[in-house]
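By convention in this document, chain letters (A, B, ...) are assigned in the order of the sequence lines, proteins followed by strands, and residues within each chain are numbered from 1.
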Amino acid sequence: MKARDTDWDGVRLHVVTGKGGTGKTTVAAALALALAAGGRKVLLVEVEGRQGIAQIFDLPPLPYEERKIAVAPGGGDVYALAIDPEEAMLDYLEMFYGMRRAGRALSKLGIVDFATTIAPGFRDVLVTGKTTEAVRRRDKNGRRVYDAVVLDAPPTGRIVRFLNVTNEVAGLARMGPIKNHADLVNGVVASPETAVHFVTLLEEMPVQETIDGLAELRAAGLPPGGVFTNMVRSSLLPAEAVEAASAGRFDPDELALGLKAAGLADGADAAAVASALAEEIVEHARRTELERQERASLDASGRPRYELPLLPDGVDLAGLYELAESIRTQGAA
Amino acid sequence: MNERTGGHRDAPVLDLDAIVDDRNTRIIVCCGSGGVGKTTTAAALGLRAAERGRSAVVLTVDPARRLAQSMGLTELDNTPRPVAGVDGEGELHAMMLDMKRTFDEIIEAHADPERARQILTNPFYQSLSSSFSGTQEYMAMEKLGQLRRSGDWDLIIVDTPPSRSALDFLDAPERLGRFLDGRLIRLLTAPAKVGGRSAFKLFNAGFGFVAGTLTKLLGAQVLKDLQTFVSALDAVFGGFRARADQTYRLLQAPGTAFVVVAAPERDAMREASYFVERLAEERMPLAGLVVNRVHRSPVSGLSAARSSAAAEDLEARGEHELTAAVLRLHADRMQLAAREHREQEHFVSAHPTVPIVQVPAMPTDVHDLEGLREVGALLAGRWRPAA
């Protein structure tokens, strides 16, 4: 087993949600790498058919098949699966009824189109069903096949609906096989084996959505996880300089001297560059001050928090490993 | 270098003032992927149009609370409400879409009371009308059609739902139609339609098989609910498909302007590209691209490389710590600006004729009308970063 304690020992299903644009898929991928580090086996699941995992790992589109996509630091494996609801339905029919052929016939009739259009709860239960099956799956020797499963889930606005399948399906099917299946899924999703993590930025709207999402999650009896603040910019200025600048007090004279000392500008030119830079600094300081307030709101939620740096060149494979390392250092995996 | 678009050599400038000032512009659709500031863009355009004399209504879908409050919207009530505090001759109304109520109203308009009751109380209807997948897009289209037909406004600005893909907005109504015309539905509704045994016999083999499988999959009660729902819905669908088609044609009309909204990031710019291509295929009129949250520096002459080298030098000498920190920050910002520029360059080279306007990243979200006004001015291309 693992040699080190993490904040989520015992959690086997990590659900990652977040407002659009916060980097949910990136964080899910980095978390999968972090969890796999040191010789574990982790499955990274995507459900929205956008092939975000393939893009982030720079791979051709993933089929509906669990395949190894990356090796984690210290020798662990990350597998990926892009769940297609139609294929998940066929799996489901085969697994429970041995009816794969009948399933094909239903597919031809457009039953998945039907599920997507008319009762998204059915579609969600197929997708979450496939995910929880991977969580529960054991090999011949009775050992878990995956140490953990990371689910790149729908955005915050839809997450409770998506996970709360029993509730969604209950309105449609009060009894019968779908209801039983939903209950089975719920047994995993609502258990302490699951944690629902939120990805946010230090901006007002995503922070508010995170706080609302956490409340909604609690109300639905689903287990909240951590809050990952993504794309955090390092603040290089000393606190007192930030405070002065955010109040609009930033003296460009000292800056002008510094620019001269660095050989960047001279005389009147130095003063002009310094005052333009001062403008930039005042803006930076105001944003830092707002970020401080957003941090405080997130802290008030009482959830474990992790901060991931903004990668100035965007997220490439190397950046992904850097984020995974950061996740491990902070104890999230 | 083209000053107003921030250096994209070939991209023409999107002149949104000209678009809102043109009395022939009757509909502006703001679309793009989630989290790029679509709703804010729609609201700001609405205010700007009103303050330039138009009688405008903004139809928002799921706005952030404070943005809604900035327009005085407090509840989701599906009715355009006047926005107080608009300067000038024009007027602005705003509303939040209530998709369930919009859907209920369509059913009530197209079915006799008994059938309407059957549909409205059916569990499948409840699921369909309150789910987020597809229905929101369909109902946004429907509401747009209603607002247009009412003739109460001379400009309608629509914010599209926060769907996975920007294209869902165009596809959803079609999907619902295709679904109701599907073979599965014909099988399910066959017995009910012709009223019993004879038709049932006709479809017996196929239906028996499908029904058997579905019963196993869903349970008998679910199947019965489903059949009742589908046949009831089928009976009224012709009416609202005709309406959807009408709205779709409205979107192709010359009085419509699509404004694609993006942020200077890879995914958002890629979605924007898809959307632009799709609009061309559908012959829908594209006004241009709004790129929100762009970072620039007032000291763009000082490169990231020079700035970091100088910071390193000062740090090595142990002098001017503050200046060194400021130079590091500046280098980060220049690097970010360069990356954002590259992401936009991809779009510009693929779509050199699409007009673009950039809006700077702002430290705070919009809280009030003044904030919206400011965004409106930026959208109109009033951003002049100090040189």
Side-chain angles (χ1 to χ4, degrees), chain A residues 19-22 48 50 93 97 99 102 105-106 109-111 113-114 116-121 123 155 157-158 161 168 171-179 203-205 208 233 236-238 241 254-255 257-259 261-264 273 276-277 279-281 283-284 286-287 290 312-314, chain B residues 33-36 62 64-66 123-124 126-128 131-134 162 164-165 175-176 178-179 182-184 187 209-210 213 216-222 225 263 266 268 297-299 302 306 310 313-314 319-320 322-330 332-333 335-336 339 363-365 386:
Chain A
K19 183 176 160 43
T22 57
E48 297 210 289
R50 62 196 302 176
L93 286 174
Y97 308 105
M99 301 201 308
L106 286 182
L109 288 167
I111 186 143
D113 222 17
F114 147 76
T116 318
T117 312
I118 214 163
R123 179 187 189 275
R158 254 179 17 89
R161 214 174 248 281
E168 280 302 298
L172 303 175
R174 274 168 293 277
M175 56 181 85
I178 277 278
K179 171 76 167 73
E203 288 169 17
E204 205 174 305
M205 238 191 269
Q208 190 57 50
R233 273 176 267 224
L236 301 159
L237 289 183
E254 197 196 330
L255 204 53
L257 290 175
L259 292 172
L264 282 175
V273 175
L277 276 174
E279 195 184 310
E280 196 170 300
I281 293 318
E283 198 193 306
H284 168 82
R286 292 207 168 120
R287 204 187 49 230
L290 286 162
D313 282 322
Chain B
S33 54
V36 295
D62 202 18
R65 201 180 309 151
R66 300 187 84 162
F124 278 91
Q126 310 263 341
S127 164
L128 177 66
S131 84
F132 275 105
S133 145
R164 173 172 67 81
S165 152
R175 198 187 325 144
L176 192 61
R178 208 173 51 226
F179 158 69
R183 285 163 67 193
L184 177 69
L187 276 172
F209 170 73
V210 171
T213 313
K216 263 194 186 157
L217 187 62
L218 303 172
Q221 181 59 41
V222 177
D225 286 345
R266 194 164 311 163
S297 166
V299 204
L302 179 56
R306 270 182 76 211
D313 180 38
L314 289 176
E319 292 170 7
H320 295 286
L322 184 63
T323 306
V326 168
L327 288 170
R328 290 247 176 246
L329 279 171
H330 175 69
D332 282 358
R333 192 183 181 95
Q335 208 179 349
L336 181 63
R339 171 160 67 91
T364 43
D365 291 334

Do B:Leu329 and A:Glu280 come within less than 4.5 Å of each other through their side chains, counting heavy atoms only?
-> no

A:Glu203, A:Arg233, A:Lys179: which one forms the most heavy-atom pairs within less than 4.5 Å of chain B?
-> A:Arg233

Does CZ in B:Arg266 sit with more than 12 non-hydrogen atoms of other residues, nucleotides or ligands closer than 6.0 Å?
-> no

Shortest non-hydrogen separation from B:Ala310 to A:Ala262 and the atoms involved | CB-CB, 3.9 Å

Chain A heavy atoms under 4.5 Å from B:Asp332: which part of the residue, side chain, backbone, both or neither?
-> side chain

Reported CG-to-OG1 distance for the pair A:Leu277 and B:Thr323, which is rounded to 0.5 angstrom = 9.0 Å

Proximal component of A:Leu290, with respect to chain B [non-hydrogen, under 4.5 Å] | side chain

What part of B:Leu314 is in contact with chain A, defined as an atom under 4.5 angstrom from a non-hydrogen atom: side chain, backbone, both or neither?
-> side chain

Above 12 or not: heavy atoms from other molecules or residues under 6.0 Å from CD of A:Glu254?
-> no

Engaged part of A:Ala241 at the chain B interface, taking heavy atoms whose separation is under 4.5 Å = side chain

Sort B:Arg306 into side chain, backbone, both or neither according to what part of it lies under 4.5 angstrom from a heavy atom of chain A.
-> both

Please determine, among A:Glu204, A:Arg287, A:Lys19, the option with the most heavy-atom pairs under 4.5 Å with chain B.
-> A:Glu204

What is the distance from atom OG of B:Ser33 to atom CZ of A:Arg50, rounded to the nearest 0.5 Å?
-> 7.5 Å

Max heavy-atom pair count under 4.5 Å with chain B, selected residue of A:Ile281, A:Leu259, A:Leu257, A:Leu236 | A:Leu236

